[in-house]
Amino acid sequence: MSENKRTEQEIVRREKANELRDNGIDPFGSRFDRTHNIKTFKEAFGSYSKEEIKELELDEPVRIAGRVMSRRVKGKAGFAHIQDQYGQIQIYVRLDNVGEDQYQLFKKGDIGDIVGVIGKPMITHTGELTVKTETFVHLTKALRPLPEKYHGLQDIEERYRRRYLDLIMNEDSKDTFILRSKIIQEMRSYLNDKGYLEVETPILHPIAGGANARPFVTHHNTLDMPFYLRIAPELYLKRLIVGGFDGVYEIGRLFRNEGISIEHNPEFTSLELYLAYSDLEGMMDLTENMINHITNETIGTDTITYNDQEIDLSKGWRRIKMTDLIKEETGVDFTDIDDFEEAKKLAKERGLDVPDHFRSMGHIINLFFESFCEESLTQPTFVHDYPIEVSPLTKKTPDDERFTERFELFIAGREYANAYTELNDPDDQYERFKNQLKEKELGSEEANDMDRDFIEALEYGMPPTGGIGYGIDRLVMLLTGAESIRDVLLFPHMRPREGNQS
RNA sequence: GCGCCAUUAGCUCAGUUGGCAGAGCAAUUGACUCUUAAUCAAUGGGUCCUGGGUUCGAAUCCCUGAUGGCGCACCA
């Protein structure tokens with residue numbers, strides 16, 4: 001920020017920083033060893049009475065540090081609240097106790113400064129656990145004022161662009177990201193306990209495969225070739241199942257060059273997992289058990305309210321075929337319809353728009369599902385047996401070649417996971433890739449390219465395998481009650497503002 | 001990409017019919033040794049998002065652009 005754009009308050013704070021230097025104090029000071037953070041301080045001293053705490057003999061004084069969030073300086077004594085990751089604690093600074101120099105330091109300090117205090121616990125007349133300061137240490141000068149103390153930072157754009165301020169001012173926001181971390185931690189520990197191996201596969205892909213999505217393109221200089229940021233790790237993880245691992249998973253970022261919305265960010269975090277010798281049923285059982293474990297360990301319940309809907313995440317989720325669900329919602333039974341033109345007619349009768357690259361029944365069935373069923377799936381539901389045309393990497397169902405052993409998990413009208421009994425017949429896989437290429441020619445920008453190396457891997461033999469991918473951001477939204485994906489991403493993508501900035 | 005809405009002090013927000021730009025917090029100065037949205041007194045702080053237009057006069061009306069939010073489309 002150029003000097004001529006500084007506000008009055010910024011100028012004053014810079015002057016104060018210079019005054020500190022003049023007094024031999026580094027405005028951006030150094031290490032301060034703490035005996036407690038605010039949480040452990042409250043745990044250690046929160047249960048004493050006012051009298052007990054006065055009598056308390058400490059081996060060493062308490063050393064605690066944090067950002068000044070409010071101050072009430074009144075003549076020759078004053079209070080302030082300081083904040084660290086775990087919360088706020090009041091400090092009491094009194095001229096008699098700290099001496100003139102340190103008292104001036106406290107008095108001239110600003111909200112937003114970071115300070116250390118050395119002292120003893122006390123309880124005020126109003127009953128608040130407080131640090132009675134014996135030594136007051138300036139640690140870091142804040143050169144800009146914090147947002148207003150009572151309302152905090154309200155502006156949604158500012159909260160996304162300057163997340164650090166949001167984290168300082170809005171406890172809810174901080175709690176969301178702590179919970180996000182816990183959710184992923186519990187996911188890992190659940191899977192590790194079950195014997196899955198966590199792996200990392202390339203993010204730069206020569207062929208963008210494993211999902212239907214438009215990729216980001218980049219370029220490698222030395223190899224002088226294009227690379228795609230991965231849209232899915234699927235084809236690499238399956239190579240690892242060929243390689244003999246029983247169960248593998250990867251938690252990581254996927255990149256899809258598509259619209260940004262309340263539930264889409266160009267990069268998002270997924271869990272993708274494969275289990276040898278398993279199948280679709282195995283993935284359903286795993287999903288129920290894992291999400292149940294996560295919710296119980298993180299939020300301590302399996303009944304949640306999301307968007308004013310009560311959702312029961314306890315085990316025993318509904319499992320229903322896509323065609324049965326469509327029949328339930330619309331009365332149309334696609335298992336009885338064989339003719340594409342008839343299906344197309346049914347779709348148009350119901351006001352659905354059928355794009356050119358839709359050349360078969362399966363696309364119409366999927367369209368019906370997305371248009372008429374998805375939204376009403378409030379309670380956790382596994383919708384299975386997807387049309388083969390929209391599932392290029394999935395095994396066919398044994399009883400009907402038009403459908404595949406695939407499910408998606410829906411909760412609160414939104415998709416959370418996508419699972420398959422994996423296709424392990426290399427010749428079948430080859431044909432599916434070829435069909436994808438045809439779709440691409442017909443205008444589908446998301447269709448897969450042929451991955452010959454992957455076919456070759458399958459030719460060595462992949463055991464029967466169940467696979468699943470989860471959208472972690474959405475799971476976090478569900479468990480934190482966030483309405484927008486941006487509320488669970490620390491730094492959601494924003495268009496750069498004029499000038500520079502990210 | 002399309003539609004609707006928003007943008008006023010560092011922050012949270014008012015601003016009437018088009019008629020001098022406002023409050024609270026924060027800041028500055030002073031008083032105050034258990035306050036807690038501390039209190040009291042005084043003071044300073046504005047590209048009213050940008051650029052045009054209408055008008056004697058625009059924060060306010062019209063047009064353009066920027067950024068954001070929401071909805072639609074695409075998708076997970």
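Letters go in sequence order (proteins before strands), and every chain restarts at 1.
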_Passing candidate, ring pair (Phe, Tyr, Trp, His ring centres under 6.0 Å) with A:W317, options A:Y416, A:F410, A:F382_ = A:F382
Are [X] and [Y] ion-paired here, with the side-chain N under 4.0 Å from a carboxylate O?
{"X": "A:D285", "Y": "A:R319", "value": "yes"}
{"X": "A:K132", "Y": "A:E134", "value": "no"}
{"X": "A:R71", "Y": "A:D110", "value": "no"}
{"X": "A:D487", "Y": "A:R159", "value": "no"}
{"X": "A:E267", "Y": "A:R253", "value": "yes"}
{"X": "A:R230", "Y": "A:E250", "value": "yes"}

*Got a donor-acceptor pair under 3.5 Å from the side chain of A:R94 to the base of B:rU33?*
yes
*asked:* Is there, by distance only and without an angle test, a donor paired with an acceptor across the side chain of A:Q90 and the base of B:rU35 below 3.5 Å?
replied: yes
Distance check needed: [N] [atom2] versus [X] [atom1], whole Å only.
{"X": "A:D113", "N": "B:rA27", "atom1": "CG", "atom2": "P", "result": "10 Å"}
{"X": "A:N307", "N": "B:rC70", "atom1": "CG", "atom2": "P", "result": "12 Å"}
{"X": "A:D353", "N": "B:rC72", "atom1": "CG", "atom2": "C1'", "result": "13 Å"}
{"X": "A:E258", "N": "B:rG1", "atom1": "CD", "atom2": "P", "result": "15 Å"}
{"X": "A:E19", "N": "B:rU28", "atom1": "CD", "atom2": "P", "result": "10 Å"}
{"X": "A:N265", "N": "B:rG69", "atom1": "CG", "atom2": "P", "result": "11 Å"}
{"X": "A:F79", "N": "B:rA37", "atom1": "CZ", "atom2": "P", "result": "13 Å"}

*Residue pair A:R21 / A:N18, side-chain donor-acceptor N/O under 3.5 Å*: yes
_A:K107 vs A:A211, nearer the 5' end of RNA chain B by closest nucleotide_ = A:K107
*Contact nearer the 5' end of RNA chain B, comparing A:E157 with A:K50*: A:K50
_Treating primed atoms plus P, OP1 and OP2 as sugar-phosphate and everything else as base, which nucleotides of nucleotides 9-14 of chain B get B, S or - for protein heavy atoms under 4.0 Å?_
-BBSS-
Contact under 4.0 Å: [X] side-chain N or O vs [N] OP1/OP2:
{"X": "A:R72", "N": "B:rU35", "result": "no"}
{"X": "A:R486", "N": "B:rG69", "result": "yes"}
{"X": "A:K16", "N": "B:rU28", "result": "yes"}
{"X": "A:R13", "N": "B:rA27", "result": "no"}

*For RNA chain B, what residues of residues 366-374 of chain A have any heavy atom nearer than 4.0 Å?*
none
*Which of residues 406-419 of chain A sit near RNA chain B, with a heavy atom under 4.0 Å from it?*
A:E415
*asked:* For A:H81, run the side chain to side chain donor-acceptor pair (under 3.5 Å) check against A:Q88, A:R72, A:R67 and tell me which one passes.
replied: A:R72
*asked:* With side chain to side chain donor-acceptor pair (under 3.5 Å) as the test, pick out the partner of A:R406 among A:N418, A:D385, A:T421.
replied: A:N418
*Report the base-pairing partner of B:rU7 (Watson-Crick or G-U wobble, both distances below 3.5 angstrom), or none.*
B:rA66
*Looking only at heavy atoms, what is the nearest atom pair of A:C373 and A:E329, with distance?*
SG-CG, 3.8 Å
